[in-house]
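All figures in this text were calculated on a predicted structure; none of them were measured in a lab.
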Amino acid sequence: MKSTACLLALFILTAASLAQEHPALSAPPNSVYVGADGKFESAPDTAVIQFNISVQEDTSQAAYQHASRDAEQVRQVLHANGIEPKSATVGFFSVQPMYDWKNAKQKVIGYRVTTDVTLKLKDFSKIGPITQQLADANVSERQTLNYTLENIDEAKNKAVEDAYRRARNSAETVARASGRTLGELSYASVDTFENPRIVVAPRMARAMTAMPNAAPAPTEEFTPQNVTVTAHVNALFNLK
């Protein structure tokens, strides 16, 4: 019985240390409190293309008109790939005066208009054509491609199941070691974490224009990195 009492006390102390990050829990007698981590990996379901439209002209009106023409080119690229322009989100157009900082009077030498565009794709086969056509249109100084998992609830559930299985296995081990039988679950807390976005190295769109037309897209034939969802489960079981 002494060894059993020591073993149970050890897990109660473990519970106390975990309680620093989780709600305080007073474990009753004849119970065991365990914590475990679990995870689930899933292929991403969404590609996120982000790029900016940035132009500079002598007047604000000319800069705005130039940016509007570039935005129209983006619409044409989307239409050419069977994508409705409304599926892309566009930030507000920002107009900034550009100064000659070498001049003591800081004379205005032009105006820059910028905006950011975000496009989400479910069909990964369109990534290569769209990024290449945007580069050929020369409407952006940079493009960034990310992969993410938008339908993440199922992945979270799988991670929680894995964490609970591990926690129950630990509790059963304690019960067997103490000559007891594991009873029903009395309490549980769950935390989930995810890395929903995997960043692919950004590249300069204008640099891509120098690539031969026959060259494959940078991501072609490669598999996007999986999204990993992790969960932590704290569980209190009764002992028989």
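- Put simply, the side chain of I53 reaches to within 4.5 Å of the side chain of V74, judged on heavy atoms.
- A side-chain donor-acceptor contact under 3.5 Å links D136 and Q132.
- No side-chain heavy atom of S94 sits less than 4.5 Å from a side-chain heavy atom of V113.
- Look at R112 and E57 and you find no salt bridge, because none of the NZ, NE, NH1 or NH2 atoms lies under 4.0 Å from a carboxylate O.
- With S54 contributing its side chain and T114 its backbone, the two residues share no donor-acceptor pair below 3.5 Å.
- Within the 4.5 Å cutoff, side-chain heavy atoms of V190 are placed close to those of T192.
- Within 6.0 Å of OH on Y64 lie no more than 12 heavy atoms contributed by other residues, nucleotides or ligands.
- Scanning all heavy atoms of the two residues, the minimum distance from K240 to G183 falls at CE-CA, 3.8 Å.
- Remark: the backbone N or O of K158 is not paired with any side-chain donor or acceptor of D162 at under 3.5 angstrom.
- Of all heavy-atom pairs between F40 and A159, the closest is CB-N, 3.8 Å.
- The pair R165-E161 does not count as a salt bridge, with every side-chain nitrogen at least 4.0 angstrom from each carboxylate oxygen.
- Residues Q50 and D116 bring no donor and acceptor atom of their side chains to less than 3.5 Å of each other.
- At a threshold of 4.5 Å between non-hydrogen side-chain atoms, the residues V34 and R168 do not count as touching.
- The shortest distance between side-chain heavy atoms of I109 and D58 does not fall below 4.5 Å.
- Panel note: side chain K126, backbone N81; a donor-acceptor pair is recorded below 3.5 Å.
- Annotation: the span from E41 atom CD to T230 atom OG1 amounts to 11.0 Å, rounded to 0.5 Å.
- The two residues D37 and R166 come nearest to each other via the heavy atoms O-CD, 2.8 Å.
- Side-chain contact check for V117 versus N52: every heavy-atom pair is 4.5 Å or farther apart.
- Applying the side chain to side chain contact (heavy atoms under 4.5 Å, CB included) test between L121 and each of I83, T46, L145 identifies I83 as the sole match.
- In this structure, E72 does not pair ionically with R69, as no charged nitrogen and carboxylate oxygen lie closer than 4.0 Å.
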Next item on the list: Apply the test side chain to side chain donor-acceptor pair (under 3.5 Å) to residues H232 and D191: give CA-CA distance (whole Å), side-chain angles for both, the deciding distance (0.1 Å), then the verdict.
Entry: CA-CA 5 Å; H232 182 85; D191 291 311; over 6 Å; no

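- Taking the six-membered ring for Trp, Y147 and F124 have ring centres closer than 6.0 Å.
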